[in-house]
Amino acid sequence: MEPITGAEILVRCLKEEGVEYLFGYPGGAVLHIYDALYVQDDIKHILVRHEQAALHAADGYSRACGKPGVALVTSGPGLTNAVTGIANAYMDSIPLVVFSGQVPTALIGNDAFQEVDAVGITRPCVKHNFLVRDIKNLAETIKKAFYIATTGRPGPVLIDLPKDVTIAKAEYHYPKKVKLRSYSPTVKGHAGQIRKAVDMILSAKRPMIYTGGGVILSDGSPELVELTQLLGYPITQTLMGLGAYPATDSQFVGMLGMHGTYEANMAMHECDVLIAIGARFDDRVTGKIDKFCPTAKIVHVDIDPSSISKNVQVDIPIVGSVPNVLRAMINVIRDEKLKPDAEALTRWWRQIDEWRALKSLSYRQSSEVIKPQFVIQKLYQVTGGQAIITSDVGQHQMWAAQYYHFDRPRQWINSGGLGTMGFGLPAAMGAKFAFPDQDVVCVTGDGSIQMMLQELATMKQYHTPVKIVNLNNGYLGMVRQWQEFFYQKRYCMTYFEALPDFVMLAEAYGHVGMRIEKPGDVEGALREAFALKDRTVFLDFLTDQTENVFPMIPSGGGQNEMLLAERDEMVSTHDEGMVLL
Amino acid sequence: MNNNNRHLISILMENEAGALSRVANLFSARGYNIESLTVAPTDDPTLSRLTLVTSGNEQIIEQIVKQLNKLIDVVKLIDLSETDAIERELMLVKTKASGEQRAEMMRLAEIFGGRVLDVTEATYTIELTGAGGKLDNFLRAVEKDAILEVVRSGATGIARGQKALHA
Ligand SMILES: Cc1cc2nc3c(=O)[nH]c(=O)nc-3n(C[C@H](O)[C@H](O)[C@H](O)COP(=O)(O)OP(=O)(O)OC[C@H]3O[C@@H](n4cnc5c(N)ncnc54)[C@H](O)[C@@H]3O)c2cc1C
Ligand SMILES: Cc1ncc(C[n+]2csc(CCOP(=O)(O)OP(=O)(O)O)c2C)c(N)n1
Ligand SMILES: [Mg+2]
């Protein structure tokens, strides 16, 4: 076999992995790789306008279609720009393979031009990383990277490639399989534990199913739906889990946590058996740990043992992958014809319906000023609930989660763990690459959109028509809300005294811009925008500047200590509530 | 249980650049205690053995073990505090040793099974091995201002009996 260069090996490996899109940005250290990309067209390279966007786009692509996202950046500033995107994927367990250029091996450690310690900088925010010093290890390292990124609890893997390695030559051999003696995730749940869990689940008088991103990552939605309907139990989902169980089904009681529904949080607080599936008991969900589910026995299914009993001690841990474990549970229940306690369940549902009757997501409509919630409701109607929605970070993110009812997994794409403003737009672009025929919407805010605005140019270049719904309140609204509640309305640095004309800006990038100022125009504008099938449309909705997200559990509060819209006095509650934002 | 117990954790890991940093990083990033850490290659040159001493309540130790196992470079680990194990640490101590102190210091070293490795007219350099507690006791037994320098290797350990940690 003819020896080929490292750059060529890289391209061949990507082909072998079935990589369609490579999101990247060139620079000196990766020029050999770009040269190898030039002479082929199997892998489509997407030239973003900032490396962070390359990562977010690869990430959005992966969240939309389930395949790993792949990105390529140059050494030094290319890599440091990418770090936010890597950390974002890490926090939400998204499988990415990231290639970074590095100075030639002989110069490593010399403070060479555009040298940074890429593996050092990224170590805390990758699932694993590699520095390839020898061309002979390149292909196998790439195979390992894809394997590690996509199995077990997924996550980003970085491969740092010194420039000399990309030009050195070796025979190409891509291993069919890799085995790592130190890595073999447990996929199948322990039968004894599953049996015990089923008994506990069926003994419940006030059961609650709480699921998260793990169901989506593992494509476990069919099993979740089957089990939940077999049991007839109420189900709530985290921000990351939305869509795994259809939001329009009556067993779904809404999202839980800081901005969850009243019924979801109350049911969590009062339940006697909690069935946690692919969720990690994040502090935005638990509130104050000592007050979390005070009367519940807990079953927890997770593929990562370190997610189990990390924040909350559980009674029955099951390490395994969601579809496998749930399938095994369904089998036990069906085979043995087990039945939940119907009478207790009826009583429990009656209680939940009382909580539901409070309508905690109601808001006061206005004929003068556009309510942000109203925009999302109209968006839901106009898209028939079918669009892929990506979001940035802030109030608009919460409203999108609360008022767009996601009925299928991978329909809702947002940054939960890191909460990265700027994620939404490049993620929408990535999702559009994965599903060119579907409507993709980026719900954003006036603050967030300005963090990755330059990607409008990329979207023009590659023709990825996305609808941008900007809930423009002139504020860093989420932070303003905290200042209103906990800092006696001292709005320090949350008001934008200058905002660009987003309509002109969209047009400057070659897209369509629309400004909507009246509630009566919301629906018409959305319809007009979606009728422009092949255009990116920036819809700038001027919304109520003072609207807040409800319900809200101030951090440090218990699950049953919710602030509800226009019912409670907003007062600075717990000191602990001041700690997190 | 909120007792902060001392744990001796022994790790078999890939002998690769960066593996040690991954372990050290984990402890600093997650705010875990790390009292000592030793590392060296094993008879199998692809593996190294890292031993560390940490402390925390049961829940913290459980997380530490899980987080360590999650590192791709960690092949296997054992919490030696949970089994019957031998713990050893090497300590080199330079002490004052002049006049009456000389005989006293020698006697103390002997009691603790130490060896004098180097002698000058005013100092002794003593080598001691043992579990951490024994070395602490030695230092406590020596007059404070007689100690000139202390070098400790950090604890290592191995399980008793037939139990052996290998890849
Ligand atoms: C402004 C803002 C407000 C927020 N408010 C809320 C809120 O009100 N409510 C809320 O819920 N969140 C909220 N979040 C999000 C929150 O920060 C966390 O990101 C989120 O709660 C975590 O979701 P999760 O538990 O589903 O975990 P994820 O981060 O999705 O983790 C997935 C879990 O599943 C496991 N897993 C992965 N693969 C598998 C598999 N194959 N089988 C089994 N398990 C698997 C993983 O090990 C992990 O434990 C907010 C975020 C922001 C930015
Ligand atoms: C990169 C980054 N910087 C800062 C924050 C803190 N933060 C969280 S929400 C928010 C305000 C977002 O404002 P905007 O995008 O206008 O959304 P709104 O809350 O007004 O809907 C800020 C600054 C963050 N999450 N990410
Ligand atoms: Mg705003």
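Every chain is numbered from 1 and lettered A, B, ... according to where its sequence line falls, protein lines coming before strand lines. Because only heavy atoms are used, hydrogens play no part in the values below, and waters and symmetry mates are left out as well, while side chains stay in.
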(message) So which residue, Ser309(A), Pro124(A), Gly152(A), ends up with the most heavy-atom pairs under 4.5 Å with chain B?
(response) Ser309(A)
(message) Taking the basic N atoms (NZ, or NE/NH1/NH2) and the acidic carboxylate oxygens, is any pair closer than 4.0 Å for Arg107(B) and Glu110(B)?
(response) no
(request) Considering only heavy atoms and a distance below 4.5 Å, find which of Gln313(A), Arg181(A), Arg153(A) pairs most often with chain B. (result) Arg181(A)
(request) May I ask you to decide whether Asp136(B) forms a salt bridge with Arg152(B), counting only side-chain N to carboxylate O separations under 4.0 Å? (result) yes
(message) Let's test your reading of the structure: which of Val75(B), Ile72(B), Leu12(B) forms the most heavy-atom pairs below 4.5 Å with chain A?
(response) Ile72(B)
(message) So which residue, Val74(B), Ile60(B), Leu71(B), ends up with the most heavy-atom pairs under 4.5 Å with chain A?
(response) Val74(B)
(message) Check this for me: does any side-chain nitrogen of one of Arg284(A) and Asp282(A) sit under 4.0 Å from a carboxylate oxygen of the other?
(response) no
(message) Using only atom types and a distance under 3.5 Å, with no angle test, would you say the side chain of Ser415(A) pairs donor to acceptor with the backbone of Thr420(A)?
(response) yes
(request) Name all residues meeting the side-chain hydrogen bond (donor to acceptor under 3.5 Å, both in side chains) criterion together with Ser321(A); count only those two or more places apart in sequence or in a different chain, and write none if there are none. (result) none
(message) Keeping Glu87(B) on the side-chain end and Leu8(B) on the backbone end, is there a donor-acceptor pair under 3.5 Å?
(response) no
(request) Look up atom CZ in Phe138(B) and atom OG1 in Thr95(B), then write down how far apart they are to the nearest 0.5 Å. (result) 6.5 Å
(message) Less than 4.5 Å to any heavy atom of chain A: does that hold for the side chain of Thr46(B), its backbone, both, or neither?
(response) both
(request) With a 4.5 Å cut-off on heavy-atom pairs, point out which of Leu180(A), Ile148(A), Asp304(A) contacts chain B the most. (result) Asp304(A)
(message) Counting only non-hydrogen atoms closer than 4.5 Å, can you tell me which residues of residues 126-144 of chain A sit against chain B?
(response) Lys127(A), His128(A), Asn129(A)
(request) Determine which pairs satisfy ring pair (Phe, Tyr, Trp, His ring centres under 6.0 Å) with at least one residue from residues 141-167 of chain B, sequence neighbours left out, and list them in order. (result) none
(request) Measure distances from Ala167(B) to the heavy atoms of chain A and classify the residue's part below 4.5 Å as side chain, backbone, both or neither. (result) side chain
(request) Could you have a look at Ala29(B), Ser21(B), Gly18(B) and say which one has the most heavy-atom pairs with chain A under 4.5 angstrom? (result) Ser21(B)
(message) I need the single residue from Val65(B), Leu37(B), Leu80(B), Ile78(B) that forms a side-chain contact (heavy atoms from CB on, under 4.5 Å) with Ile9(B). Which is it?
(response) Val65(B)
(message) I'd like to know if the side chain of Ser153(B) reaches the main chain of Leu90(B), judged simply by a donor and an acceptor atom lying under 3.5 Å from each other, with no hydrogens or angles considered.
(response) yes
(request) Write out, in numerical order, the residues from residues 85-92 of chain A with a heavy atom short of 4.5 Å from a heavy atom in chain B. (result) Tyr90(A)
(message) If we check side-chain contact (heavy atoms from CB on, under 4.5 Å) with Arg49(B), which of these qualifies: Thr42(B), Asp43(B), Thr38(B)?
(response) Thr42(B)
(request) Assess whether side-chain contact (heavy atoms from CB on, under 4.5 Å) is satisfied between Asn4(B) and Asn57(B), documenting all intermediate values. (result) CA-CA 5 Å; Asn4(B) 265 18; Asn57(B) 64 31; 4.3 Å; yes
(request) Return yes if a side-chain donor-acceptor contact under 3.5 Å exists between Asn25(B) and Arg22(B), otherwise no. (result) no
(request) Side chain from CB out, backbone as N, CA, C, O: work out which of these in Glu16(B) comes under 4.5 Å of a heavy atom of chain A, or both, or neither. (result) neither
(message) Checking the side chain of Glu89(B) only, and the main-chain atoms of Gly154(B) only, is there a donor and an acceptor separated by less than 3.5 Å?
(response) yes
